[in-house]
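Just so it is clear: chains get the letters A, B, ... in the order the sequence lines come, proteins before strands, and each one is counted from 1. Quick note: numbers below take in every heavy atom, side chains included, and nothing from hydrogens, waters or symmetry partners. A quick note: this is a predicted structure, and the numbers were derived from the prediction, not measured.
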Amino acid sequence: MKQLCELTGSGEDSLVQAIARIDASFREHDHAFNIVEVAGGFRLATDAEFGPVVSQLFEGQKPGRLTRAALETLAVIAYSQPCSRAAIESIRGVNCDSAIRTLMEREMVKISGRMESPGRPLLYSTTQAFLEYFGLADLDHLPRMEEIAGLLGMSSSELEERDLFPGMDHAE
Amino acid sequence: MSAEALPQDMRSCHIQLDSFEGPLDLLLYLIRRDELDICDVPVAHVAGQYLLYIRAERELNLNIASEYLVMAATLTSIKSRSLLPSHQREGEEEADPGAELRRQLIIYRAFREIARELQRSEETWRDIYTSHGERDRWSPGGGDMEPGQASLLDLLRALESLTVQEEDSPVHSVAHREMTITECIEALEKAILPGGRVTFSSVLGLQPTRKLIVSYFVTVLELVRRGWIALRQPFPFAEITLERTVRWTLDS
């Protein structure tokens, strides 16, 4: 987006509007493509409707779905990053070694440093590939506090009161 | 309670621990099954149910993951503490032994829901293909990297791919003649016709030696300096295209 602003010399607002217009016209004319905002940029994307057709192009290259263990681990890392393996395990209550390894291999998670505490444990963060895989524009597009509260059938103030996510920014 | 005393239905429709993502997941299942309020879980009741499950599992399979046993111990400890009369002094607030566990359960449930949300996005996005980096997305080691960004995993992969290449190429030694820059220029002159284009890798041919690559690369730089050829590279590490300029013909 920044690059686009520099290239065109236009403001961000007008660019977003322009992109939205192009996208609208794609959709209006029932094109096979539309524009999506993902991983901090915009991309031309095929419509989900044509997924089965396009997937034939990438036969055998597409990795399998993530397991529940991997998804849960990823969820914890996404919200509390950078975080240590011990932090993830204390939330999930189980050993997360293999889940982290899978996520590292799939490049959804990377080592982003070490904690300045005894043993200097490794810290994990999510990657660009994570955003791409789940079609997220950026980390702010993860479900928010209120949405999580809704999923749990609680009010967001109830969640905040309990201070369940000290690392999370509720202000946004 | 002995194993024989297990309710019959418990044993018949007993659910394998394998299908749970750890003890917290099992606890949440029990809480939901008995329609309990997660914020006010009667630990004693849940502890009983939990131990029933663990016992039933042990009947069939002795290998219960240690975390399940730790949770069983924690639950038993909470239950026993809540049964004992408290010795707290007046004015001091009585610590609820189950509070920490409840908190842990709520947090875990939140992340379990987030994980489900992610799974929904995953399902949606599996059918959407974007314009850039589609292949990169799936092939390991793809994507741009900034200095200092390479992880141990990246390095290991790079090493692996190198050794694989080494093995692939047939082993036989051929004495390679070294090429001088002048010879390279002559070869390039034949390879690139006036006005024509050619890729750098096609100039090198199949399985070039390191020396040959270096010679040609230095030659290309020299020719660029003289202004005899123009280079094109659409993005970093992409194929370089060589294009002969008018000056080559004029100068030589």
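Partners of Glu239(B) under the side-chain contact (heavy atoms from CB on, under 4.5 Å) rule, at least two apart in sequence or in another chain, are Thr199(B), Phe200(B), Ser201(B).
Of the listed residues (Asn95(A), Val94(A), Thr67(A)), the greatest number of heavy-atom pairs within a distance under 4.5 Å of chain B belongs to Val94(A). For the set Ser90(A), Gly135(A), Ser112(A), the entry with the most heavy-atom pairs within less than 4.5 Å of chain B is Gly135(A). When each of Leu105(B), Val70(B), Leu24(B) is scored by its heavy-atom pairs under 4.5 Å with chain A, the top score falls to Leu24(B).
The aromatic rings of Phe111(B) and Tyr79(A) stand perpendicular to each other, their planes meeting at an angle above 60°, with 30° marking the opposite boundary.
Minimum interatomic distance between Gly227(B) and Thr245(B) (heavy atoms only, all atoms of both residues): O-OG1, 2.7 Å.
Cation-pi geometry between Arg85(A) and Tyr124(A) is not met: the NZ or CZ atom fails to fall both under 6.0 Å from the ring centre and inside 45° of the normal.
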